[in-house]
Amino acid sequence: MRARTLPYGRQSVTDDDVRAVDAVLRGDWLTTGPAVDAFEAALRDVLGAPHTVAVSSGTAALHVACATLDLAPGDEVIVPSLTFAATANAVVYCGGTPVFAEVDRGTFCLDATDVERRITPRTRAIMTVHYAGLPAGLERLRARAREHDLPLIEDAAHALGAHADGARVGSGSQLATFSFHPVKHVTTGEGGAIATTSDVLARRMRRLRNHGLDTDIRMRERANTWRYEMVELGWNYRLTDIGAALGTVQLRRLDANLARRRQLARLYLSAFGEDEVVQAQRVDDVDAHAWHIFPILLGVERLRVDRDAFVRALRAERIGANVHYAAAHLQPYYRSRFGHREGELPITEDICSRLVTLPLYPAMTDADLDDVVAAVRKLIAWYRA
Ligand SMILES: *Cc1c(COP(=O)(O)O)cnc(C)c1O
């Protein structure tokens, strides 16, 4: 057995990263300043996106993106339930109602056919999540959104560096949000960003991240004026220069990071390809996927234990397995506030009862991965019904 538990994900921080942060700490700007400008430019280059707006978290990115919808009470936004609570919460922050939709059984991504069924005269937008880093079905979701004249918001927190139809996720998006939490591909400590093709939306989101003020402090300094106008209600969602400097250096390693994640994913896929108890995500192109996590579905009907007991057993083997996610619509808040119940989303609920996330991060070695595969195989043999 391993001496120490293998985590399911972990940041990589190098001496270059430390030096970049050190330089900011010794300079004139700690909060949003030149390092944020540089980070936004580097992110634009990496994504091929016309505009990027850096904010203080992936959640803030979702909130600001949703705020551009100008929702009224009773307005609906369609979201998958197989996601982190933050996706749906952003709709609620803006006074709207999340309408939860099913995901595809193979890709675990939002099902465009189910979305179509849930569109009503109150629908104001569709939000999708590129689950685990796979932008599956994006073209079909875009087509649904276009037909109904609805904006499509992509929660791309898992999908930095992924491709859909040959283009990088975020490059041609009306609104795509990213997270720079330490467990994601690139970190700024806490941080996030929105990529958009619209200069109108970009300008508005810059305002919303800074209290709804029409100018920021550097613009006022350049114009030699103290005057500002608050033109709408915004928030303090500014990213710090400290975090941005870290993120800019981290972005330079994104391609190497993605290459290693893809190598590890290939090893997992070949290890479990023929296994009747382990179902991996259905993926057409391993290299178009960003592999934030490696989820599997357990064939619990072939086992004497449920998923939770299996995860506990993996952890006892010092494999830091995790679960992404508990269905959002069944969280106590969504049950009591919106009256959701079991049985509403049978596909999502089935998937959520069988999902296990196996460790995957760039610094993980092939030997680490062999330990994970051996532990999963050992437990399956032990618990087989
Ligand atoms: C991480 C994540 C978020 C939130 O990002 P934070 O930076 O932690 O606020 C939102 N949605 C999904 C799918 C995520 O994985």
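Index from 1, following the sequence. In each ligand, atom 1 is the first atom listed, and ligand 1 is the first ligand listed.
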Subset of ligand 1 atoms that lie under 4.0 Å from at least one heavy atom of Gly191: 7 (O)

Ligand 1 atoms in contact with Leu62 (distance to a heavy atom under 4.0 Å): 10 (C)

Will you find, in the side chains of [X] and [Y], an N or O donor that is under 3.5 Å from an N or O acceptor?
X      : Y      : result
Gln263 : Arg260 : yes
His340 : Gln331 : no
Gln11  : Thr187 : no

Among all protein non-hydrogen atoms, which one is nearest to [atom], and what is the separation to 0.1 Å?
atom                    : answer
atom 9 (O) of ligand 1  : Thr59 OG1, 2.5 Å
atom 15 (O) of ligand 1 : His158 NE2, 2.8 Å
atom 5 (O) of ligand 1  : Ser179 OG, 3.3 Å
atom 11 (N) of ligand 1 : Asp155 OD2, 2.8 Å

Polar proximity ligand 1 side, His292 side, N/O cut 3.5 Å exclusive: no

Ligand 1 N/O within reach of Gly58 N/O, cut-off under 3.5 Å: yes

Considering only heavy atoms, does [X] approach ligand 1 within less than 4.0 Å through its side chain, its backbone, both, or neither?
X      : result
Thr83  : side chain
Tyr325 : side chain
Val183 : neither

More than 12 heavy atoms from other groups under 6.0 Å of CZ on Arg253: yes

Other residues, nucleotides, ligands: >12 heavy atoms within 6.0 Å of Glu301 CD: yes

Validation row, ring centre His211 to ring centre Tyr228 under 6.0 Å: no

Glu102 side chain to Thr348 backbone, donor-acceptor under 3.5 Å: yes

Selection from His324, His181, Lys184 by shortest heavy-atom distance to atom 1 (C) of ligand 1: Lys184

Close side-chain approach of Thr177 to Val55, heavy-atom, < 4.5 Å: no

